[in-house]
Q: 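Here it is, the structure, as structure tokens.
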There are 2 protein chains.
Amino acid sequence: MKRLTTKQREILAYIARFMRKTGYPPTVREIGKHFGIAASSVFDHLKALEAKGALKKTEGKSRSLVVAKNTEDPEKRTALLGSTFRDDDTVKTIQIPLLGRVAAGLPMLAEENIEEMVTLPRQWVRAGKIFALRVQGDSMTGDGIYDGDCAIVRMQSEADNGDIVVAMLEDEATVKRFYKRGRSICLHAANEKYEDIISRNVKILGKVVGLFRNYA
Amino acid sequence: MKRLTTKQREILAYIARFMRKTGYPPTVREIGKHFGIAASSVFDHLKALEAKGALKKTEGKSRSLVVAKNTEDPEKRTALLGSTFRDDDTVKTIQIPLLGRVAAGLPMLAEENIEEMVTLPRQWVRAGKIFALRVQGDSMTGDGIYDGDCAIVRMQSEADNGDIVVAMLEDEATVKRFYKRGRSICLHAANEKYEDIISRNVKILGKVVGLFRNYA
DNA sequence: TTGACAACCTAACAAATGTTAGGTATATTT
DNA sequence: AAATATACCTAACATTTGTTAGGTTGTCAA
């Protein structure tokens with residue numbers, strides 16, 4: 001599956017959210033109204049999403065949008081490595097919300113921010129309140145965190161020097177490196193394009209404890 | 001909830017079935033076509049079903065049918081956001097071998113190469129034979145793949161230009177970018193320290209389809 | 001026998017909806 | 001410099017779709 005643009009991902013997330021909330025998919029115009037764009041613009045996005053395999057729809061039918069699951073055809077996957085694959089109910093998994101663009105004002109875990117629920121083997125995360133965050137922008141490419149990556153975050157309001165944290169910045173959640181500077185806090189981007197942010201009024205949302213990336 | 005007639009139950013069942021199959025609810029006329037009755041007749045049934053509390057719909061909106069679940073407890077969902085996680089045994093997972101340093105001579109998936117078995121939500125990988133590989137060295141830092149990262153790889157012996165692949169090189173599996181150069185193959189490291197490797201004798205083991213990283 | 005209900009019908013309307021056509025503007029890539 | 005991709009627009013068209021109005025027929029209880 002080809003890489004999605006930010007806007008495409010936002011629209012896909014909205015469809016999934018709408019679906020979860022109402023029980024049926026939105027119309028082209030309903031999507032458009034939410035984003036403040038015309039129906040035809042939405043239609044363009046839907047075509048792009050379909051071309052990239054992220055969405056399925058039936059021509060001419062209203063609300064026929066289905067967000068493609070990566071688990072597409074269940075038959076094929078039984079072929080996984082022959083014996084090394086199995087269903088396993090002994091393995092504990094957790095369901096955590098994957099947050100997209102975190103909207104200002106809302107509580108972080110509000111429905112609006114949730115792109116989807118992802119399953120994680122408990123194996124991979126330690127105790128704590130865990131959520132995932134879709135990384136926006138290229139401010140951490142120097143540390144190997146790219147736009148579209150899925151950061152796994154443990155909620156905590158404090159951090160140690162050098163930790164990669166999720167912080168509320170300019171009404172949006174961003175991923176940065178954390179350093180104490182006396183009474184202030186320094187948020188450092190691993191990309192020369194961005195300057196350090198030094199402030200006393202930064203809210204730490206959590207610490208990045210893992211990262212997942214999906215290649216096409 | 002009042003008792004449903006046979007016909008009403010049939011229609012309700014059809015809606016649920018349609019939903020499960022397509023991912024979105026049917027229209028009045030689609031239901032009608034299935035039962036060989038007129039749209040307005042279906043509409044009567046829908047009104048009855050709604051009056052009896054078995055169905056919810058939004059006036060004027062297409063496909064806005066939602067089968068009411070009597071077993072549903074709305075609390076669970078909100079509780080999920082509060083506690084941020086829960087156990088879920090319904091989610092399918094797969095077990096894949098995590099390979100460490102792949103020793104020369106041995107079949108790739110030989111016991112000797114397996115570091116451990118890791119659990120992956122099936123959600124995250126498409127069909128194919130999947131294994132994980134612990135990345136060695138810094139030859140791909142420019143693409144955000146670091147030493148110690150866990151690459152998720154789909155076995156395949158061919159690749160497209162630009163793919164990140166796992167290839168057998170100097171008796172060891174390495175991660176590189178793949179390019180065709182006529183009859184030769186070019187393996188490109190995303191790190192200036194390393195030079196391109198151009199050869200006709202490169203064995204492709206698979207394509208990197210995902211990446212997992214764990215921060216301390 | 002009257003009245004409520006279920007289960008259908010035809011015909012039609014207005015609104016909702018997917019879709020197309022033909023743009024503009026701005027990047028990025030070749 | 002040309003080509004491609006993204007992200008929007010207005011305007012219009014043709015269906016699709018929910019809904020209403022006004023029927024018919026049959027069943028069942030009061």
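In what follows, chains carry the letters A, B, and so on, assigned in the order in which the sequence lines appear, proteins first and then strands, with residues in each chain numbered from 1.
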Q: Please list residues of residues 56-66 of chain A whose heavy atoms come under 4.0 Å from any atom in DNA chain D, ordered by number; otherwise none.
A: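 A:S62 - these, ordered by number, are the residues of the stretch whose heavy atoms sit under 4.0 Å from the strand.
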
Q: Do any side-chain nitrogens or oxygens of A:T5 fall under 4.0 Å of OP1 or OP2 in D:dA7?
A: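 Indeed, a polar side-chain atom of A:T5 lies that close.
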
Q: By nearest heavy atom, map B:S40 and A:S40 onto DNA chain C; which one lands nearer the 5' end?
A: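 Its nearest nucleotide being more 5', the pick is B:S40.
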
Q: Quick one: pull up OH in A:Y14 and NE2 in A:H34 and give me the separation to the nearest 0.5 Å.
A: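 A:Y14 atom OH to A:H34 atom NE2 measures 5.0 Å (nearest 0.5 Å).
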
Q: Could you tell me the separation between the CD1 atom of B:I37 and the C1' atom of D:dT25, rounded to a whole number of Å?
A: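 Value for this atom pair: 16 Å.
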
Q: Between A:V153 and A:L205, is there a side-chain heavy-atom distance shorter than 4.5 Å?
A: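 In short, these two side chains do not touch, never coming nearer than 4.5 Å.
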
Q: Over all strands shown, is A:G32 touching base, sugar-phosphate only, or nothing at heavy-atom distances under 4.0 angstrom?
A: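 It contacts nothing in the nucleic acid.
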
Q: Is the shortest side-chain N/O distance from A:K47 to OP1 or OP2 of D:dA7 below 4.0 Å?
A: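 Negative; the distance criterion is not met.
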
Q: If you measure only the distance, is there a donor-acceptor pair under 3.5 Å linking the side chains of A:D163 and B:Y215?
A: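 Not at all, the side chains of A:D163 and B:Y215 share no donor-acceptor pair under 3.5 Å.
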
Q: Let me confirm one number: the OG-CD1 distance from B:S139 to B:I197, rounded to the nearest 0.5 Å.
A: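 Between atom OG of B:S139 and atom CD1 of B:I197 there are 8.0 Å.
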
Q: Within the side chain of B:Q8, is there an N or O that forms a donor-acceptor pair under 3.5 Å with the backbone of B:T5?
A: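 Confirmed, B:Q8 side chain pairs with B:T5 backbone.
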
Q: Which value, rounded to the nearest 0.5 Å, describes the distance between A:E116 atom CD and A:L12 atom CG?
A: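 Going from CD on A:E116 over to CG on A:L12, the span is 8.0 Å.
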
Q: Starting at OG of B:S184, measure out to CG of B:N201 and round the result to the nearest 0.5 Å.
A: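 Those atoms lie 10.0 Å apart.
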
Q: Examine the side chains of B:Y24 and A:S62 and answer whether a donor and an acceptor come within less than 3.5 Å of each other.
A: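 On atom types as modelled, these side chains do not qualify, holding no pair under 3.5 Å.
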
Q: Calculate the interatomic distance between A:L4 atom CG and D:dA5 atom C1'; express it in whole Å.
A: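 Whole-Å distance recorded here is 14 Å.
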
Q: To the nearest Å, give me how far apart CD (B:E30) and P (D:dT16) are.
A: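 It is 10 Å, rounded to the nearest whole Å.
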
Q: Sub-3.5 Å donor-acceptor pair from the side chain of A:T22 to the main-chain atoms of A:F18, do we have one?
A: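 Side chain of A:T22 to backbone of A:F18: a pair is present.
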
Q: Supply the atom-to-atom distance A:K176 NZ to A:I185 CD1, rounded to the nearest 0.5 angstrom.
A: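 These two atoms lie 14.0 Å from each other.
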
Q: State whether B:R63 and B:E30 are salt-bridged, where the test is any N-O pair (Lys NZ or Arg NE/NH1/NH2 against Asp/Glu carboxylate O) under 4.0 Å.
A: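 Answer for the salt bridge query: yes.
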
Q: Can you give me the first and the last nucleotide of DNA chain C (5' to 3') that has an atom within less than 4.0 angstrom of a non-hydrogen atom in chain B?
A: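 With heavy atoms of chain B under 4.0 Å away, the range is C:dA6 to C:dT17.
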
Q: Between A:R29 and A:A38, which residue's closest nucleotide on DNA chain D lies nearer the 5′ terminus?
A: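 Between the two, 5'-proximity favours A:A38.
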
Q: How is A:S41 classified with respect to the nucleic acid when contacts are heavy atoms under 4.0 Å: base, sugar-phosphate, or nothing?
A: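 A:S41: base contact, heavy atoms under 4.0 Å.
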
Q: What pattern of brackets, bars and dots sums up DNA chain D from 5' to 3', given Watson-Crick or G-U wobble pairs under 3.5 Å, [ ] for crossing pairs and | for another strand?
A: .|||||||||||||||||||||||||||.|

Q: Could you tell me the separation between the CZ atom of A:F35 and the P atom of D:dC9, rounded to a whole number of Å?
A: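 Computing the A:F35:CZ to D:dC9:P distance gives 13 Å.
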
